[in-house]
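In this text, all values refer to a predicted model and were calculated from it rather than measured experimentally.
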Amino acid sequence: MNAAVSDRIALVRHSNEEDWSESVAREMAGILQQEIRQHGRARMLLSGGTTPAAVYEMLAEQPLEWARVEVGLADERWLSPQDQDSNAWLVRNSFLNLAEGVHFDPLVRVGRPIAECVHTANLLAEHAQPACMVVLGMGNDGHTASLFPGSKDLERVLQSRQPYAALDASGCPVAKDWHLRITLTPHGLVPIGNRLLLLRGKQKLDVLEAALASNDVLKYPVLAAVNSPGNPLRVHWCA
């Protein structure tokens, strides 16, 4: 493992996937433990996708007081939390079911319209204990959370003054069949002290380097996380 730090990112390179998973899980556990010591509880936001699943499984093995931990999501597809294609399902099966006592707040509330779900998410973000950490991924198109380049809603969501917003990703191939989303906004990232971006594969690193060179957040929305004020974005990468 080696690290390169700039004023924008801290890039941590890992020799293999096992080291990557173990190191990220330990770092996450350390952040949560410190938050629990300082405030009695800790809240974090997680992302879905296949990339972080192994990290979440290893995190659940860490000896923490899980009943003092609350979990939310960075984004979600407009699906029931019980749907196997939802981010909630991935987080539940790779982490929540293994870390006994964790409290989970899904973004989608079954039976409620999306506007009401976004409103509830914003109320929680504004009035609950601030998240001490968010775990993000990035697609080969440069999206993070559900901030998709080419979305007709992207500019509006990037400029939103609310922590969460609804976004229609129709016409964005990477969104596949799940066009309607709820996503964390750049405004929602600001108060989160620890932002982790988990990447695997050379192509992802090339995309991140292209994003940093372009500085065009509409083309590479991952820059919303890079440019968020506060500590540099910690990027954990392995081939």
Side-chain angles (χ1 to χ4, degrees), residues 1-3 9-76 81-82 84-107 124-125 128-139 144-145 184 188-189 191-201 204 222 225 230-239:
M1 179 179 71
N2 59 77
I9 68 168
L11 175 60
V12 185
R13 300 172 184 261
H14 301 271
S15 57
N16 55 63
E17 186 174 340
E18 183 178 3
D19 174 65
W20 176 86
S21 300
E22 291 178 350
S23 296
V24 176
R26 285 197 303 270
E27 180 173 320
M28 292 177 67
I31 293 169
L32 293 172
Q33 185 62 61
Q34 182 178 2
E35 184 78 357
I36 291 171
R37 282 199 302 266
Q38 292 179 347
H39 302 288
R41 299 190 63 81
R43 179 173 175 80
M44 64 176 170
L45 305 180
L46 301 180
S47 294
T50 56
T51 297
V55 172
Y56 298 161
E57 291 170 1
M58 290 189 175
L59 175 62
E61 297 175 359
Q62 302 296 312
L64 290 178
E65 297 178 85
W66 290 117
R68 296 180 178 270
V69 176
E70 300 176 7
V71 174
L73 294 172
D75 71 312
E76 182 59 284
Q82 282 71 49
Q84 293 188 17
D85 290 317
S86 70
N87 291 338
W89 191 92
L90 181 283
V91 169
R92 179 176 292 107
N93 283 272
S94 61
F95 176 65
L96 299 172
N97 289 345
L98 307 175
E100 186 175 352
V102 172
H103 174 78
F104 179 54
D105 290 306
L107 285 174
L124 184 62
Q129 179 176 340
C132 65
M133 172 173 52
V134 60
V135 176
L136 300 166
M138 184 191 73
T144 193
L184 195 66
L189 283 168
I192 304 175
N194 298 281
R195 300 182 304 279
L196 310 184
L197 179 63
L198 309 188
L199 304 179
R200 289 202 316 246
K204 293 288 181 75
V222 70
N231 297 326
L233 177 71
R234 284 185 63 79
V235 182
H236 285 273
W237 176 84
C238 75

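- Using a 4.5 Å heavy-atom cutoff, the side chains of Leu197 and Leu136 are in contact.
- Here the side chain of Arg92 pairs a donor or acceptor atom with the backbone of Pro81 at under 3.5 angstrom.
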Evaluate the side-chain contact (heavy atoms from CB on, under 4.5 Å) criterion for residues Met138 and Val235: first the C-alpha distance (whole Å), next the side-chain angles of each, then the deciding distance (0.1 Å), finally the verdict.
CA-CA 11 Å; Met138 184 191 73; Val235 182; over 6 Å; no
Met44 and Glu35: CA distance, side-chain angles, deciding distance, side-chain contact (heavy atoms from CB on, under 4.5 Å) verdict:
CA-CA 10 Å; Met44 64 176 170; Glu35 184 78 357; over 6 Å; no
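- Under the 3.5 Å distance criterion, the side-chain polar atoms of Trp237 are matched with a main-chain donor or acceptor of Gly201.
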Please test Met133 against Leu196 for side-chain contact (heavy atoms from CB on, under 4.5 Å), starting from the C-alpha separation and ending with a verdict.
CA-CA 8 Å; Met133 172 173 52; Leu196 310 184; 3.9 Å; yes
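- Under the 4.5 Å side-chain criterion, counting only non-hydrogen atoms from C-beta, Trp20 is not in contact with Val12.
- Judged by distance alone, the side chains of Gln33 and Gln62 never bring a donor and an acceptor atom under 3.5 Å apart.
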Set out, in order, the CA-CA distance, both residues' side-chain angles and the distance that settles side-chain contact (heavy atoms from CB on, under 4.5 Å) for Tyr56 and Leu98, then state yes or no.
CA-CA 9 Å; Tyr56 298 161; Leu98 307 175; over 6 Å; no
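- Using a 4.5 Å heavy-atom threshold, the side chains of Cys132 and Leu32 count as touching.
- The minimum heavy-atom distance linking Gly137 with Thr144 is given by the pair O-OG1, 2.6 Å.
- Asp105 is linked by a salt bridge (Lys or Arg N to Asp or Glu O under 4.0 Å) to Arg43, counting only residues two or more places apart in sequence or in another chain.
- Ring geometry, Trp66 versus Phe95: the interplanar angle exceeds 60°, so the pair is classed perpendicular (tilted spans 30 to 60°).
- In this structure a side-chain-to-backbone donor-acceptor pair under 3.5 Å is present from Arg200 to Thr51.
- No donor-acceptor distance shorter than 3.5 angstrom exists from the side chain of Glu70 to the backbone of His103, with no hydrogens or angles considered.
- Pairing each heavy atom of Ala53 with each of Ser94, the nearest pair is O-CB, 3.9 Å.
- Between the side chain of Asn231 and the backbone N or O of Gly193 there is at least one donor-acceptor pair closer than 3.5 Å.
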